[in-house]
Amino acid sequence: MLGLGALVCVGAGAHEFWMLPQAFSLPAGAAATLSLSVGENFKGDPIPFSRPLVAGLRHLADGSDTDLRALAPASGSAANIRVSLARAGTHVIALDTHPSFIELPAKQFHDYLRLEGLIGVLKAREAAGATAMPGRERYRRNVKTIVQAGEQSDNTFQRRTGQRLELVPLQDPAGLRVAQPLTLQVWFDNRPLTGALVKLWHGQGPEAELVTAEGVSDSNGQVTLPLAREGAWMASVVHMVPATGCNCDWDSYWGNLTFAVPRAPTAQPGNASLGAPRM
């Protein structure tokens, strides 16, 4: 199992970091059990909740905004947390991490920049004559997940959480079906982010076949990607800016969103309007 120390070096392999509920659809009044993972291709190792990790933890639902940082243990750590979904509707849980630091050899840093579409940083290093220098980076994670309580969803899915880097769906994932695209809008410092590489994964489950898609955000910070399967999906984006106030060169922010596409309705003779089964 990876601890917090292992999280410090995940930038080297461009690893993702995500939050996942045990179930994306629950009865109203139930509690969502949430866990954190770090890895690649939507498969990873658990990371516990702890005060040294969690800088912010919030729960958005039906106009409310609740601070959940107290759920992270003041001492030690917890494999998961439970968030009460007292109200029916859509719930968004958002987590921000404290900064971590990493220094990578020049080639490894450049490979990572190319992998995440951070071409502007590559060009800046070239212009500064720093291509042979190691990459000194301070990074933070801005992750969130969307959970449904009860039968009816609401517009909470598109509420901004105020995270520094954020992926916001412009359609309700709970209302989508397989083969319908999803448009995501990338925000950074309260502005739509242009030219950001957004990646999408579906690969949960022991026998799941990995499905990926990617695209670059337009002038409105938007990118539209296909959802080829039902079930759990993960979207991610990375943005990097020159660092200030630290013995490092770059500040990077890793945005991540998990959500689910419901199973399609089951057609039955004489009743074609039955709703989708619960996930």
Side-chain angles (χ1 to χ4, degrees), residues 18-36 49 51 53-72 78 80-97 140-177 180-193 198 217 220-224 227 232-237 253-262 275-276 278-279:
W18 63 92
M19 180 163 52
L20 203 65
Q22 190 172 35
F24 282 95
S25 181
L26 294 163
T33 301
L34 302 167
S35 61
L36 301 171
F49 290 86
R51 291 290 174 89
L53 174 70
V54 177
L57 184 59
R58 295 165 57 202
H59 175 199
L60 281 64
D62 192 27
S64 67
D65 187 342
T66 305
D67 189 336
L68 299 179
R69 281 176 294 178
L71 294 180
N80 53 58
I81 60 171
R82 287 171 59 82
V83 176
S84 175
L85 310 180
R87 306 179 184 181
T90 304
H91 297 254
V92 173
I93 297 94
L95 178 144
D96 302 308
T97 69
R140 299 169 176 85
R141 306 289 192 167
N142 305 126
V143 307
K144 64 182 186 179
T145 191
I146 301 174
V147 184
Q148 180 70 30
E151 299 292 335
Q152 298 298 319
S153 60
D154 56 54
N155 289 332
T156 302
F157 71 89
Q158 62 184 1
R159 280 183 62 186
R160 297 280 315 286
T161 67
Q163 292 175 301
R164 189 84 185 268
L165 180 64
E166 184 172 7
L167 286 162
V168 178
L170 299 188
Q171 298 89 28
D172 183 359
L176 294 177
R177 293 293 180 262
Q180 290 183 314
L182 174 66
T183 299
L184 296 164
Q185 189 169 33
V186 188
W187 291 81
F188 182 73
D189 280 350
N190 293 315
R191 296 180 179 179
L193 182 62
V198 178
S217 62
N220 294 315
Q222 297 179 15
V223 59
T224 300
L227 300 174
W233 286 88
M234 176 177 75
S236 72
V237 62
Y253 299 85
W254 293 63
N256 190 284
L257 170 69
T258 56
F259 60 93
V261 174
R278 305 296 292 164
M279 292 188 63

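Along the sequence shown, the residues carry numbers beginning at 1.
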**OP:** Kindly indicate whether the side chain of Phe24, heavy atoms from C-beta on, has any atom under 4.5 Å from the side chain of Gln148.
**Re:** no
Original post:
In a check of side-chain contact (heavy atoms from CB on, under 4.5 Å) between Tyr253 and each of Val237, Asp96, Asn142, which one passes?
Top reply: Asn142
Original post:
Which heavy atom in Ala174 sits nearest to a heavy atom in Pro262, and how many Å separate them?
Top reply: O-CG, 3.2 Å
Original post:
Leu26 and Ala32: which non-hydrogen atoms are nearest, and at how many Å?
Top reply: CD1-CA, 3.7 Å
Original post:
Is Arg69 atom CZ crowded by more than 12 heavy atoms from other residues, nucleotides or ligands, each under 6.0 Å away?
Top reply: no
Original post:
Say you draw a straight line from CG of Leu71 to CZ of Phe49; how long is it, rounded to the nearest 0.5 Å?
Top reply: 8.5 Å
**OP:** Scan side-chain atoms only and decide if Ser153 and Asp172 contain a donor-acceptor pair under the 3.5 Å cut-off.
**Re:** yes
Original post:
Do the side chain of Thr183 and the main chain of Thr224 share a donor and acceptor less than 3.5 angstrom apart?
Top reply: no
Subject >> Beyond-backbone contact of Leu227 with Phe259, side-chain heavy atoms, under 4.5 angstrom >> reply: yes
**OP:** Locate the shortest heavy-atom distance separating Ala94 from Gln163; write the atom from each residue and the value.
**Re:** CB-NE2, 3.8 Å
Original post:
Okay, side chain of Arg87, backbone of Asp62: is any donor-acceptor separation there less than 3.5 Å?
Top reply: yes
Subject >> Close side-chain approach of Val143 to Leu257, heavy-atom, < 4.5 Å >> reply: no
**OP:** Report yes if some heavy atom in the side chain of Val83 is under 4.5 Å from a heavy atom in the side chain of Leu34; otherwise report no.
**Re:** yes
Original post:
Distance from Arg140 atom CZ to Trp254 atom CH2, nearest 0.5 Å?
Top reply: 14.5 Å
**OP:** State whether a side-chain donor-acceptor pair under 3.5 Å links Thr156 with Thr90.
**Re:** no
Original post:
Going from NE2 on His91 to OG on Ser84, what distance comes out if it is rounded to the nearest 0.5 angstrom?
Top reply: 8.5 Å
Subject >> Thr161 and Glu166 side chains, donor-acceptor separation under 3.5 Å >> reply: yes
Subject >> Pairwise distance CG(Leu182) to CG(Leu170) - rounded to 0.5 angstrom >> reply: 7.5 Å
Original post:
Which is it for Leu165 and Leu193 under the side chain to side chain contact (heavy atoms under 4.5 Å, CB included) test, yes or no, and what are the steps along the way?
Top reply: CA-CA 9 Å; Leu165 180 64; Leu193 182 62; 4.1 Å; yes
Original post:
To the nearest 0.5 Å, how far apart are CG in Leu68 and CG in Leu57?
Top reply: 4.5 Å
**OP:** Answer yes or no: is there an ion pair linking Asp67 with Arg58, defined by an N-O contact shorter than 4.0 Å?
**Re:** no
Original post:
Can you name the residues that form a side chain to side chain contact (heavy atoms under 4.5 Å, CB included) with Pro192, not counting sequence neighbours?
Top reply: Gln185, Trp187
**OP:** Could you pull out all residues at least two apart from Gln22 that satisfy side chain to side chain contact (heavy atoms under 4.5 Å, CB included)?
**Re:** Thr33
Subject >> Flag side-chain contact, heavy atom, 4.5 Å: Leu36 against Leu20 >> reply: no
**OP:** Output yes when a side-chain donor or acceptor of Lys144 lies under 3.5 Å from a complementary backbone atom of Leu167, and no otherwise.
**Re:** yes
Original post:
Would a 4.5 Å heavy-atom cut-off, applied to side chains only, mark Ile146 and Pro169 as touching?
Top reply: yes
**OP:** With side chain to side chain contact (heavy atoms under 4.5 Å, CB included) as the test, would you mind laying out the steps for Trp233 and Thr258 before giving the verdict?
**Re:** CA-CA 6 Å; Trp233 286 88; Thr258 56; over 6 Å; no
**OP:** Could you tell me whether the side chain of Leu85 reaches within less than 4.5 Å of the side chain of His59, counting heavy atoms only?
**Re:** yes
**OP:** For the residue pair Arg141 and Leu95, establish whether any side-chain heavy-atom pair is separated by less than 4.5 Å.
**Re:** no
Subject >> Main-chain N/O of Gly175 paired with Gln171 side-chain donor or acceptor, under 3.5 Å >> reply: no
